There are 2 protein chains.
Amino acid sequence: MILEKKKAFNAYAAKQGLRSTRQRDVILDVFLATRQHLSVEELYLKVKSSHPGIGFATVYRTMKLLAEAGIARELTLKNGQARYEHQLAGEHHDHLICTGCGAIVEFEDETIEKLQQEIAGRHGFSITSHRMDLFGLCPICRGGTAG
Amino acid sequence: MILEKKKAFNAYAAKQGLRSTRQRDVILDVFLATRQHLSVEELYLKVKSSHPGIGFATVYRTMKLLAEAGIARELTLKNGQARYEHQLAGEHHDHLICTGCGAIVEFEDETIEKLQQEIAGRHGFSITSHRMDLFGLCPICRGGTAG
DNA sequence: CACCAAAATGATATTGGTTATCAAGTACAC
DNA sequence: GTGTACTTGATAACCAATATCATTTTGGTG
C-alpha cells in the first residue's frame with residue numbers, strides 16, 4: 001500500500017509538472033511509515049533525525065502537496081495546530097477525541113454520511129467534504145468506572 | 001432573550017467572583033446584538049466603534065469568559081481564526097459552510113446526534129461535545145444550475 | 001557530458017492571530 | 001472614604017505558518 005501511495009504521488013507530481021526530489025521522497029516515506037496523526041513539527045523532527053539537512057519549510061510545503069495529491073488529510077484540531085493523517089482513497093473517517101489524554105479513535109458511519117447528504121440537499125448545498133469530531137473521555141480517562 | 005443571557009452571565013460572574021465592568025457589558029451587548037458568526041477582530045471593531053477605549057485584549061478575554069459561561073461557542077474554522085456564535089442553552093447545532101462565499105447555515109439533526117452517542121458508546125467514550133461541519137457550495141455559488 | 005532555465009530547497013525574516021506582562025485604573029467590601 | 005484584589009489597555013512576546021531569496025538541484029537539450 002505504501003508503494004501505491006508513492007505511485008499516486010508520482011502521478012500527481014507528473015500531472016503538475018513537479019520535479020522528483022530526495023526531500024519529498026523522504027518526507028513521504030516518513031509520513032507513510034506512521035499511522036498516527038502527526039503535526040508538521042513532529043513530522044519535521046522525524047524527518048530531521050534521519051536527514052538533518054531537510055528544513056521545516058520543505059516539510060510544510062510537501063505536506064500541503066500530499067494533501068493536494070489526496071494522500072494526506074489536514075486536520076484542524078482545537079489548539080490550532082495542523083495535523084496530518086493518511087487519506088485512504090475514496091474513504092473517509094471521523095474522529096473520537098479524548099479530551100483527557102488526546103487519544104484519537106477513527107470511525108466511519110454510512111448512515112451519518114447519508115444523513116449529511118440529505119441535510120445538505122435540503123439547504124441546496126453540494127457537499128465536497130466534511131469534518132466530524134466527537135470530544136469526550138476515552139475508557140481509560142474515564143477511570144474504568146462506567147457512567 | 002438578551003436579558004436572559006445577561007442574567008446568565010451575571011450568574012456565572014457571581015459564581016466565579018468576577019467583577020462587573022462596563023467593558024464586559026459592552027462586549028456582551030455587541031455580541032448579543034448580532035446573529036452572525038463573528039471573529040474576535042470583527043467583534044473588536046464593532047465594540048471599538050461605539051467605545052473606542054476598549055482594547056482588543058479585553059475582547060479576547062471577555063469572549064473566552066462568555067464561552068466558559070456557556071453563552072458563546074468558539075468555532076475553529078479552517079483558516080485557524082476563531083469565531084464565536086451564540087450558544088443556546090442546552091441546544092446544539094452544526095454548520096453547512098460554503099467554500100465559495102463563506103456563508104454559514106446552521107442545522108441540527110437528532111438522528112445524527114443519537115448515532116454519535118451510539119458510536120461513542122461502542123468505543124467506550126463519554127461524549128461532552130462535538131463539532132460537525134459540512135463543506136461545499138451554497139445554492140448561489142453553485143450558480144443556480146442544479147447538479 | 002556540459003549547459004541552461006525552471007523548480008526546489010533551506011535559512012531567515014515576516015506575518016497574523018492569540019496570549020502574557022505589567023503599570024495604571026476600577027469595583028466592591030469594609 | 002479606604003484598601004486591595006480584580007480589570008484594563010498598551011505593548012511585547014509567542015507560535016504556527018508563510019514569504020523571501022540566494023543557492024542548489026532537476027531534467028531536458030545539444
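These values consider heavy atoms only, across backbone and side chains, with no hydrogens, waters or symmetry-generated copies. Values in this document were obtained by computation on a predicted structure and should not be read as measured data. Here is how names work: the chains are called A, B, and so on, in the same order as the sequence lines, proteins then strands, and each is numbered from 1.
A donor N or O paired with an acceptor N or O is found under 3.5 Å between the base of C/dA6 and the side-chain atoms of A/Arg19.
In this structure, B/Arg24 reaches the sugar-phosphate backbone alone: every heavy-atom distance under 4.0 Å involves primed, P, OP1 or OP2 atoms, never a base. If you check every strand for non-hydrogen atoms under 4.0 Å, B/Ser20 touches sugar and phosphate atoms only. A/Lys64 comes within 4.0 angstrom of sugar-phosphate atoms only, judged by non-hydrogen atoms across all strands, and of no base. Residue contacts for A/Gly17: at a heavy-atom cut-off of 4.0 Å it reaches no nucleic acid atom on any strand shown.
Residue A/Lys48 contributes atom NZ, which lies 11 Å from atom C1' of C/dA11 at whole-angstrom precision. The distance from atom CZ of B/Phe56 to atom C1' of C/dT18 is 8 Å, rounded to the nearest whole Å. Between B/Gln81 atom CD and C/dT18 atom C1' there is a gap of 10 Å when expressed in whole angstrom units. Between the CZ atom of A/Arg61 and the P atom of C/dT12 there is a distance of 15 Å, given to the nearest Å. The separation between B/Ile54 atom CD1 and D/dG9 atom P is 6 Å, rounded to whole Å. Rounded to an integer number of Å, the gap from CG of A/Leu43 to C1' of D/dA16 is 15 Å. When the P atom of D/dT25 is taken as reference, atom CG of A/Asp25 falls 15 Å away, rounded to whole Å.
We find that A/Asp29 and A/Lys6 are joined by a salt bridge, their nearest charged nitrogen and carboxylate oxygen being less than 4.0 Å apart. Using a cut-off of 4.0 Å between Lys/Arg side-chain N and Asp/Glu carboxylate O, B/Glu85 and B/Arg35 are scored as not salt-bridged.
Between B/Tyr44 and A/Ala82, it is B/Tyr44 whose nearest contact on DNA chain D lies nearer the 5' terminus. Ranked by how close their nearest DNA chain C nucleotide is to the 5' end, B/Val40 and A/Arg22 are led by A/Arg22.
For A/Thr21, whose side chain is taken as the heavy atoms from C-beta onward, the closest listed nucleotide among D/dG27, C/dT18, C/dT9 is C/dT9. Listed candidates were D/dT7, D/dG9, C/dT9. Nearest to the side chain of B/Gln23 is D/dG9. Distances were taken from every side-chain heavy atom of A/Ala57 (C-beta onward) to each of C/dA8, D/dA19, D/dA10; the shortest belongs to D/dA19.
Side-chain contact check for A/Gln116 versus A/Ile127: every heavy-atom pair is 4.5 Å or farther apart.
Checked against side chain to side chain contact (heavy atoms under 4.5 Å, CB included), B/Phe107 has the following partners two or more places apart in sequence or in another chain: A/Ile119, A/His123, B/Asp94, B/Leu96, B/Met132, B/Leu134.
The side chain of A/Tyr60 contributes an N or O atom lying less than 4.0 Å from OP1 or OP2 of D/dA17.
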